[in-house]
Structure formats: structure tokens, C-alpha cells
Protein chains: 2
Amino acid sequence: MSLGPQQVGRRERNKQQKLDRITAAASELFAEHGVDEVTTQQIAEKADVGTGTVFLYVKTKGELLLLVQNVHYRKALERGRVDAENISDVLEAVMAIIGSIVRCNRTQIDNGRTYLREMVFGNPDEPHHAEALNIVGQTEKAIAGVLRRGGRVGEADAATLAHVVSAIMFLSMAATINMAHGVDEIEADIRGQVSVLLPH
Amino acid sequence: MSLGPQQVGRRERNKQQKLDRITAAASELFAEHGVDEVTTQQIAEKADVGTGTVFLYVKTKGELLLLVQNVHYRKALERGRVDAENISDVLEAVMAIIGSIVRCNRTQIDNGRTYLREMVFGNPDEPHHAEALNIVGQTEKAIAGVLRRGGRVGEADAATLAHVVSAIMFLSMAATINMAHGVDEIEADIRGQVSVLLPH
DNA sequence: CATCAATAGTGACTATACTCAGAACTGAGT
DNA sequence: ACTCAGTTCTGAGTATAGTCACTATTGATG
């Protein structure tokens, strides 16, 4: 076990490479065909591993989607957070964060909804699932931060309101009724709801 | 086709009976074992029909759950609406409606979450799915009615706020994190969020 | 009653996410 | 170099939701 600093052992390296190949394969196939049109066999084949191997790295196909998409949502949140900093109006600043995430969600239509479904209904013991929930938590924290700015919203209320905003986002993006809606329509829908929450 | 008033024809009667048997079988099995532990084969067998016949009446297993549960939610809503009428405090009246639905949702733990999942992510072209969405719409209407009472909430805002409350309910009941929570904990969670929405 | 078109019912079959018993590989100890 | 315990990989196999080509039933019509 006593290895040099860079030394990681062939075993670990192989494992990492396999995970990387699986991630890359899933990422490409999901993006191109949508998660429902891709079989785990196809992913395994493209990653050049056995079908069983895929499930050594993720418990379910849904968690594979989380693994692949989490990184995008993480980035989207960061972009939104930066954008929000340069906007003084509270509603507009909140909408900057929301908009960034909605755009991320809608870049791969079907996958976006599946991502949300897995997040809420999937097994939270799986690491990639926990990561997704963590991103939601961070998003709420960012929104709460903006809400607290003017001092018009109470310290404790900010966190609760941010959680409510999170629920609004989830349903607007996930609802079958809004399935055909583009980014702008979803954003408008969310804006309408968020604006009645803020003091006015 | 020209039949007497009561006359319905053996064909229609048979169809109705089969649907009734399927509904009853599904209802019992789902209640006893939970939707995930019951196979469509078992349901077909208990209803004494072929496996294919089940899918003549519903498109998916999920829609079979909606078919079976909708009636309970409809009743729960009605109960909640009546209760709310006798409560003057707006928050408490809203909570009466919510409480009734939460109790309905939690009487069959796993099934409640699956019901919500199907509602949001299932195919809305199916009649039982539409019915479920209709119940949600009615629930929002009832909540909006209560919110308008005191005149403290704007006419238009009431509907939007009711929709937000609906989103809060959905996530509190569906979230995996709250999976182990009982009726009281879910109600408290929702109450905390709803109370910051109301003018205070 | 006999015919027949339309409707309803059926269960063998298909597709696919996921499992699991065993094969293959790895690296530490000798 | 050899052994071997532990780890990782594998693909044939399993379970089950949903399909579909065929069969059975119905009731209108001559």
C-alpha cells in the first residue's frame, strides 16, 4: 500500500479509465438520442465493457444520467450565481440563477425531465444522486442569499422562500403540461409565480 | 344501436364487469403489497382476465394506479373542502385542505409517492391521468377560494399562490428525504412553507 | 337460423434493465 | 517465479411491463 505520491496502481488506473469510458459513452449517447432511446447494452458496447460492468459503477440507468448531467447543472449554477451578482433588482437576480438552470435543463429536452424525476424519486443512497441533491441545496442557498440582500425578507424566511422557489422550478420544468414549452415560456411561468412571493 | 333506456347490451355489461374486476383486483393488491411488489400478471389472474386484457383498459401499470387512487383523492379533497369552510383563520383553513390530501397520500406509503410520480411524469393523454390532474386543479381552486376570503390577497394572486402551494405539497410528499416522515411531519413541513407565503 | 363485420379478449412473445455465479486479473507475500 | 486471497469483470440469465397476431364473442341483417 505504501506507494509513491503519483503512484496509483494499475488497478485503480484501470477502474478510473473504465468509469471515464462509461461516462463518455453515456454522455454522447444520451445527448444524441435521449436517455429513453438508449439501452444500457449500447452504452456498454460503446464504452467497450461488459453489460454487467456498467452496473458496477452505477446502481441504475437513472443514476448514470445523474452522473453525466450533474456536472452541467453545477456549471449552470455557477454561471447563474455570477450573473446574479451584477444585477441589483432582487427578482431579476433570482431569475438570473433560475434562467441559467432552466437553460441547462432544456438543452436536452427529454433528459432534463428524466433528470428531475430521478432526483426526486431515485435512491438517495447512491453518490451521484446525493450530488444532485447537493446542487439543489446550493441553488437554494444562492437564491436565499439574493433574497436577503435588501433586508426586505427576514433572515429565516429567505431560506424557506428559496426552498419554495426550488419547488416552483421543479414543477415548471417537470410538468408534462409544460413539456413542449421552450426556455422562455418556462422562465415566464416561473417568474409569474416567484414575483408574487416577493414583497410587493 | 337503438336500445331501450336501461338496455345496455351484453357487450357493454361485460366490459364494465371486466373493468370492475380489474379495478378491484388492483385496488386490493396495491393496498396490501404496494404497487412495486405486484405484477400485472397477478392483477390479471386475480381479476380472472388475460394479461393482455389489462392493457386494454389502461395503457400502463402506472395508470392503473391512478385509476384506483383517483377516487380516494377526490373524496379527500371534498372532505378537506368541507372542513375548511368551518375554519375562519386562512392558514388553518388552507391547512385543512392540505392535511386531508396528505393523509390520503400517506395511507399507502409507497403508493402515494408513485401516484405523484405518475401524475407529473406520466402520459396525460390517458383519461385517468387527466382525471388526476383535474383533481389537482380542483384542489388549487379550493385553496385559492380560501385565500381570497379576507381580501388580503389579490384576486389574481390567489390563483398563482394556490399553484405555488400545490408545488410545495407535491415536493414535500414526493421527496425521498421525506419518505420516512409521517403525516404530522409532512404537514408541519408544508405549514412552514405556506405560512411565509401569506401576508404577515 | 346463418352470415358476417366489428369489437373484445387472449397469452405467447419481445424488449430491456438489472443480477449473479463464475472467470480473469492484480499485486503482496514467499 | 509461484501462490493465493482479494478484487474486478463478464455476459448468459431473470423478471416483468407491454405488444400483437390471432381467436372468440357479439349482435345487426337477410
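Numbered from 1 within each chain, the chains take letters A, B, ... in sequence-line order. These values consider heavy atoms only, across backbone and side chains, with no hydrogens, waters or symmetry-generated copies.
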Taking [atom1] from [X] and [atom2] from [N], how many angstroms apart are they, rounded to a whole number?
| X | N | atom1 | atom2 | answer |
| --- | --- | --- | --- | --- |
| A:Ile43 | C:dT16 | CD1 | C1' | 12 Å |
| B:Arg13 | D:dT26 | CZ | P | 10 Å |
| B:Glu118 | D:dA17 | CD | C1' | 12 Å |
| A:Gln42 | D:dG11 | CD | C1' | 17 Å |
| B:Leu64 | D:dT16 | CG | P | 16 Å |
| B:Phe55 | C:dA12 | CZ | C1' | 15 Å |
| A:Lys61 | C:dT16 | NZ | P | 9 Å |

Near-strand residues of residues 14-41 of chain B, defined as heavy-atom separation under 4.0 angstrom from DNA chain D | B:Asn14, B:Val38, B:Thr39, B:Thr40

Option among B:Met169, B:Arg103, B:Arg191 that satisfies the side chain to side chain contact (heavy atoms under 4.5 Å, CB included) test with B:Ile98 = B:Met169

Of A:Asp157, A:Val194, A:Ile143, A:Leu197, which is the lone residue that meets side chain to side chain contact (heavy atoms under 4.5 Å, CB included) with A:Val164?
-> A:Leu197

Considering only heavy side-chain atoms of B:Thr51, the closest of D:dT8, D:dG11, C:dG11 is C:dG11

When you measure from the side chain of A:Leu56, which nucleotide among C:dC18, D:dT8, C:dA8 comes out closest?
-> D:dT8

Only one of B:Asp110, B:Asn105, B:Asn111 clears side-chain hydrogen bond (donor to acceptor under 3.5 Å, both in side chains) with B:Gln108; which?
-> B:Asn111

Give a yes/no answer on whether the side chain of A:Tyr57 brings an N or O atom under 4.0 Å of OP1 or OP2 in D:dT8.
-> no

Check: B:Thr139 and B:Ile97 side chains under 4.5 Å, non-hydrogen atoms | yes

Any B:Ile43 side-chain heavy atom under 4.5 Å of B:Phe30 side chain = yes

Verify the distance criterion only: is there a donor paired with an acceptor across the side chains of A:Thr176 and A:Arg113 at less than 3.5 Å?
-> yes

Side-chain heavy atoms under 4.5 angstrom apart, residues restricted to Ile, Leu, Val, Met, Phe, Trp, Tyr: same cluster for A:Ile101 and A:Val183?
-> yes

Sugar-phosphate, base or nothing in reach of B:Val54, heavy atoms under 4.0 Å | nothing

